[in-house]
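Inspection log for the structure reproduced underneath, given as structure tokens.
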Amino acid sequence: MTTYSSRQEVPEKEKWNLADIYPTLEDWQKDVQYIEQAAENLKKFDGNIHDGKSLLAYLTESEKVSYKFGKVFAYGMLHVDLDTRDTASQSLQDKAKQLGVKVNAATSFFMPFLLGLEESTLKAYMEEEEGLQYFEKDLRDAYRYKAHVLSKEKEEVLSQLGEALSAPSHTYGMLNNADIKFGEVTKDNGEKVELTRGMYAKLIEDTDRNKRKEAYKAYYQPYVHLKNSIASTLGAAIKNNVTVSRLRNYSSALEKALFADNVPKEVYDNLISTTKQNIAPLHKYAEIRKDRLGLDELRQYDLSVPLVEGVEKEISFDEAYETMLNALRPLGEDYINTLASFKDARYIDVRETPGKRSGAYNMGVYGVHPYVLLNHRDNIDGLFTLAHEMGHAMHSHYSHETQPQNTARYSIFVAEVASTVNEVLLINYLLNKETDEKLRQYLLNHFIDKFKGTLFTQVMFGEFEKITHELAEKGESLNEKVFSEVYEKLFREYNGDEIVFDEEVKYGWSRIPHFYRPFYVYKYATGFTSAVHIANRILDGDAQTQASYLEFLKSGSSEYPLDLLKKTGVDLTTPEPVENALKQFSELVEEFAKAPTK
């Protein structure tokens with residue numbers, strides 16, 4: 001049984017123990033009161049930091065508030081996600097959000113103050129107050145932005161324009177989430193109903209091609225209808241980003257986006273060029289897909305349907321956990337023993353129940369432990385989701401256990417590495433032990449599609465962002481025609497000539513919310529290629545890579561992401577990690593091509 005009609009039915013061992021954060025609600029309320037008072041105290045530092053001692057006092061108190069706020073917010077959020085309908089939990093989360101606003105307001109003076117200091121003054125403060133060494137990395141990181149911070153008056157103007165500058169993204173969000181009405185699809189009983197996103201995700205994988213086509217046309221209908229309005233919001237978002245990048249003295253919008261992680265532009269360009277130089281296996285996969293589906297012509301609505309049908313293997317949660325542990329044994333005894341302990345310690349909320357938040361995630365609570373939300377299904381997909389999320393959980397565990405609070409959180413740039421290493425080790429383990437040919441094909445198909453979605457598609461999106469921002473930087477027009485031409489050209493380059501284009505294909509840009517968070521999606525691809533590189537070295541028995549990878553998991557944000565990855569043998573400033581991942585993709589496609597079709 002994988003779903004329950006109420007939370008009370010779920011065994012206690014498969015539910016989170018939130019008492020690890022606060023034993024009682026009264027304990028939570030004590031920290032709320034502490035933060036409210038501390039926020040008022042932090043305000044008093046505004047205009048009153050004149051030496052190393054007062055700077056240290058501010059930073060120490062601010063970090064203490066941050067620590068307690070992390071627990072207060074987590075407690076509210078985790079309660080809400082167990083039952084999003086529960087008003088008592090909602091009130092906890094609302095209170096935490098209000099506290100967050102108060103803390104931000106109380107500390108908003110600090111960054112302008114810090115960046116207004118002469119470097120020699122900051123250095124003198126550091127020398128006179130030994131305790132400031134603990135905060136040195138934070139202060140140096142902030143100081144990197146000095147060249148990109150404007151005068152106080154200009155900063156105030158920009159901050160007042162914040163809402164206006166985010167209007168295109170907000171407008172798109174309202175269109176995409178609230179106003180869009182999809183077309184109709186036909187139910188099995190012949191009744192016409194309006195398509196929903198949830199229905200689309202299922203129907204686009206349906207073995208009935210007519211259902212896939214109908215869902216595809218219904219899904220794209222509003223995007224095609226609103227193409228000019230959406231082009232206006234995306235064009236404005238890109239131009240705003242370009243304008244702010246110029247105002248802040250960055251050479252390009254891409255440089256601004258890469259600055260926080262200290263990533264050179266060459267990494268971004270190298271990812272795109274290396275992927276495109278090794279695109280042939282993806283085109284071959286399209287040919288295999290067309291052949292396996294027995295089609296005269298392959299269309300976009302044929303790209304998501306699984307090529308191996310009828311693989312239904314029931315795997316209980318206990319069995320899934322044991323399988324995961326066996327698959328991850330190459331990571332060593334400490335990793336396995338620690339991960340095994342999470343299950344009985346109730347770090348995981350396992351089952352789907354009414355009102356529970358959908359999907360899966362890991363949330364590391366500093367000073368406590370990771371919490372993993374699942375909606376576990378007793379099947380192969382459930383097993384992969386478990387391994388993925390527990391990779392995140394182990395990354396949080398090791399970083400939080402090893403690092404002080406100010407470097408314990410890892411960058412989004414490296415966030416997908418630990419989860420994907422686990423998936424690669426799992427797929428390798430299952431393929432090595434699986435004798436059922438149909439199940440082997442299913443596993444190969446699963447991993448090939450994962451590769452396609454996490455690497456190739458994200459690189460294509462990344463190139464679309466690069467091209468459209470460069471057009472804006474040259475002062476050229478951005479409209480529906482330009483976006484559609486760029487997107488269609490890229491889609492053809494990446495997916496090959498085997499696909500026959502429907503009119504809707506070129507409007508794919510209009511349905512991607514990530515484009516309103518510029519130059520973000522490439523991180524999925526770099527994280528994925530890094531993980532494949534690391535996992536394959538570990539599987540080859542490379543003890544040095546295994547040891548350096550565990551050190552990486554313990555490093556949090558103690559160094560910049562590229563430097564942390566270099567210590568594991570992954571140098572993203574060279575083509576090697578991307579080439580190695582794409583070589584494995586090619587091998588997977590070759591093996592899948594040779595597998596018998598019956």
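For the numbers below, each heavy atom of this structure counts, side chains included, while hydrogens, waters and symmetry mates do not.
Summarising the geometry, atom OG1 belonging to Thr454 is positioned 6.5 Å from atom CD belonging to Gln458; distances are rounded to the nearest 0.5 Å. For the atom pair Lys290 NZ and Leu307 CG, the distance stands at 14.5 Å (nearest 0.5 Å).
Side chain to side chain, Glu488 and Ser484 fail the donor-acceptor criterion of an N or O pair below 3.5 Å. Residues Lys227 and Ser510 have side chains that never bring a donor and an acceptor to within less than 3.5 angstrom of each other. Neither side chain, Asp206 nor Tyr301, offers a donor N or O lying under 3.5 Å from an acceptor on the other. For the residue pair Asn249/His148, the side-chain donor-acceptor check at 3.5 Å is not satisfied. For the residue pair Ser396/Asn362, the side-chain donor-acceptor check at 3.5 Å is satisfied.
A ring-centre distance under 6.0 Å is found for Tyr216 and Tyr220. Ring centroid separation for the pair Tyr487 and Phe483 does not come in under the 6.0 Å cut-off.
Using cut-offs of 30° and 60° on the angle between ring planes, the pair His392 and His388 is perpendicular. Under the 30°/60° scheme for interplanar angles, the aromatic rings of Phe519 and Tyr268 are found to stand perpendicular. Using cut-offs of 30° and 60° on the angle between ring planes, the pair Phe447 and Phe528 is tilted.
Without hydrogens or angle criteria, His283 side chain to Glu493 main chain gives a donor-acceptor distance under 3.5 Å.
Within a 6.0 Å radius of CZ in Arg409, other residues, nucleotides and ligands contribute 12 heavy atoms or fewer.
For the pair Arg292 and Phe592, the cation-pi criterion (under 6.0 Å, within 45° of the ring axis) is fulfilled. For Arg248 and Tyr250, the positive end is not near the middle of the six-membered ring at less than 6.0 Å and at most 45° from its axis.
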- Item | Working for side-chain contact (heavy atoms from CB on, under 4.5 Å), residues Phe456 and Leu582 | CA-CA 10 Å; Phe456 292 102; Leu582 295 169; 3.4 Å; yes
- Working for side-chain contact (heavy atoms from CB on, under 4.5 Å), residues Lys466 and Ile272: CA-CA 10 Å; Lys466 184 171 185 285; Ile272 293 170; 4.0 Å; yes
